Amino acid sequence: MGSDRRSFLKKALAGYAAAKGSMLFASAQNIPPYAKGARKPGKVDYKRIATEEAWGPPELFKMYIDLIENGALTDPGFVSMWGRFVRNTALIGQLQDIGEKRIRDMDAAGVDKMVLSLTAPGVQIFDAATANSLATSTNDQLAEAIKKHPDRFAGLAAVAPQDPRAAAKEMERGIRKLGLNGVIINSHTNGEYLDDPKYWEIFEAAQALDAAIYLHPQTPPPDMVMPYLARGFERAIMGFAHELSVHILGLMTVGVFDRFPKLKIVIGHGGEGLPYMLYRLDYMYENARYPFMKKVRKLPSDYMKENFYITTSGLPWAPAIMMARSVLGIDRILYAMDYPYEYVPEEVTLTDNFPMTAAEKKKLFQLNAEKVFKL
Ligand code: MN
């Protein structure tokens, strides 16, 4: 580990120590500016299906604490984020509950159904063997919870990219045997991205199963995180969007979607800013392309329109979502809340009030999710 890395890790650990006993993260108490004054959600004539909703079992958080406290970990972004989160008993309680308490929160927010996924970075921070067995056991637990409340919950299968063959198998088991509705991958795996062909067995399996992959962000990997960490930007404020944008552009520009043209990728947070940038991405990909970059068949905007779906998680903001609709079309946009990290019932009302037709809202909240995740 270089001395730079070591000093940033020290900083992250200091942040973790400072967070002990305090409540740095309080989702429900912090009403975002545009949601202030909004009404609580009322009755509507569509089902509200939220598609980026996090959960995690107690043993996962125990393992995170162990990773942080044994001092062997070399991922400062992880230490910074989970060092705080594991001390937030309210948040951990919400993440662990995939039963009655969560359903009460859903009722209070007018959410009919949640598509649950293992919270970031899920199993992707562990060694391959640990990650595989944890993916299996968490998928079993998730399937149990769905069986108890099939009208309220659906879920995505967690997989361990550390072992692509095992990941492909677990994906198949999760979907065919457990009846799960797609796949969750929490972006980079120990600093590696799925644009590396050694991971493409995962895409092959997803395409064969016609299973959508939800690509959820996480903190930037060690080689990227330092300037973010020094400024406190490594998490949802900006680090997530940048980290996942690199991943997404990487998939487009190495030809993943030429090789797997039917692959379906779902990304949250209004598409991590990418819909807004499509003109520039297309132009720069053609005109500022490095010689080492592969010549792929289509432009970034084409892949975005053919292989991607975006969700409204953490971005219940009409100007952004209407812009995305104008370039991607309403069929590519799904509703999501981002529970429990963002649990603000007033945001549901903001989304209900988007300037769209009734038919478009039914697609956004219900029909698109039913189609993409085969609910
Ligand atoms: Mn999320």
Side-chain angles (χ1 to χ4, degrees), residues 25-28 30 32 35 48-57 60-61 64 77-78 80-82 84-86 88 90-98 102 105-106 109 111 113-125 138 142 153-159 181-189 212-220 233-245 247-248 265-274 308-317 320-321 324 333-345 347-348 351 369 372-373:
F25 185 87
S27 59
N30 280 336
R48 297 192 190 96
I49 302 173
T51 54
E52 188 199 302
E53 317 308 318
W55 83 285
L60 178 74
F61 304 120
Y64 284 176
F78 174 84
S80 167
M81 182 163 86
W82 280 99
R84 292 160 210 232
F85 285 176
V86 293
N88 186 334
L91 174 72
I92 297 297
Q94 284 172 311
L95 282 167
Q96 287 177 183
D97 186 282
I98 40 176
R102 182 180 293 249
D105 283 351
M106 291 164 67
V111 170
K113 190 175 244 186
M114 276 190 179
V115 180
L116 301 168
S117 50
L118 195 65
T119 195
V123 304
Q124 289 165 247
I125 190 85
T138 56
L142 182 56
F153 296 142
L156 307 182
V159 297
N181 306 84
V183 185
I184 176 73
I185 295 184
N186 288 299
S187 200
H188 76 81
T189 303
I213 297 177
Y214 206 116
L215 211 49
H216 188 283
Q218 63 149 311
T219 48
F233 298 161
E234 74 279 9
R235 296 187 283 152
I237 184 171
M238 192 52 88
F240 283 5
H242 289 177
E243 189 273 332
L244 195 62
S245 293
H247 201 161
I248 292 160
I265 306 280
V266 185
I267 53 176
H269 317 109
E272 310 294 354
L274 292 176
F308 284 81
Y309 295 85
I310 71 164
T311 79
T312 64
S313 58
L315 199 64
W317 192 38
I321 301 304
I333 309 178
L334 284 64
Y335 170 68
M337 174 175 263
D338 213 357
Y339 182 95
Y341 298 107
E342 192 139 344
Y343 177 58
V344 182
E347 290 185 345
V348 176
T351 313
V372 173
F373 295 115

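Side-chain atoms are counted along with the backbone in the values below, which use heavy atoms only and exclude waters and symmetry mates. Remember, predicted model here, so these are calculated numbers, not experimental data. Each ligand, and each atom within it, is numbered from 1 in the order the structure gives.
- Closest of all the heavy-atom pairs between Ala320 and Leu315 is CB-CD2, 3.7 Å.
- Residues passing the side-chain hydrogen bond (donor to acceptor under 3.5 Å, both in side chains) test with Asp338, sequence neighbours excluded: His269.
- Here the side chains of Phe61 and Leu95 are in contact, with some heavy-atom distance below 4.5 Å.
- Note on the Mn ion (ligand 1): protein N/O/S atoms under 2.8 Å are Glu52 OE2, His216 NE2, Asp338 OD1.
- Side-chain contact check for Ile248 versus Phe308: some heavy-atom pair is nearer than 4.5 Å.
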Should Phe373 and Tyr309 be marked as a ring-ring contact (aromatic ring centres under 6.0 Å, His included) after you check the CA-CA gap, both sets of side-chain angles, and the distance that decides it? CA-CA 11 Å; Phe373 295 115; Tyr309 295 85; 8.4 Å; no

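- Between His216 and Tyr214, the angle of the ring planes lies from 30° to 60°, which puts this pair in the tilted group.
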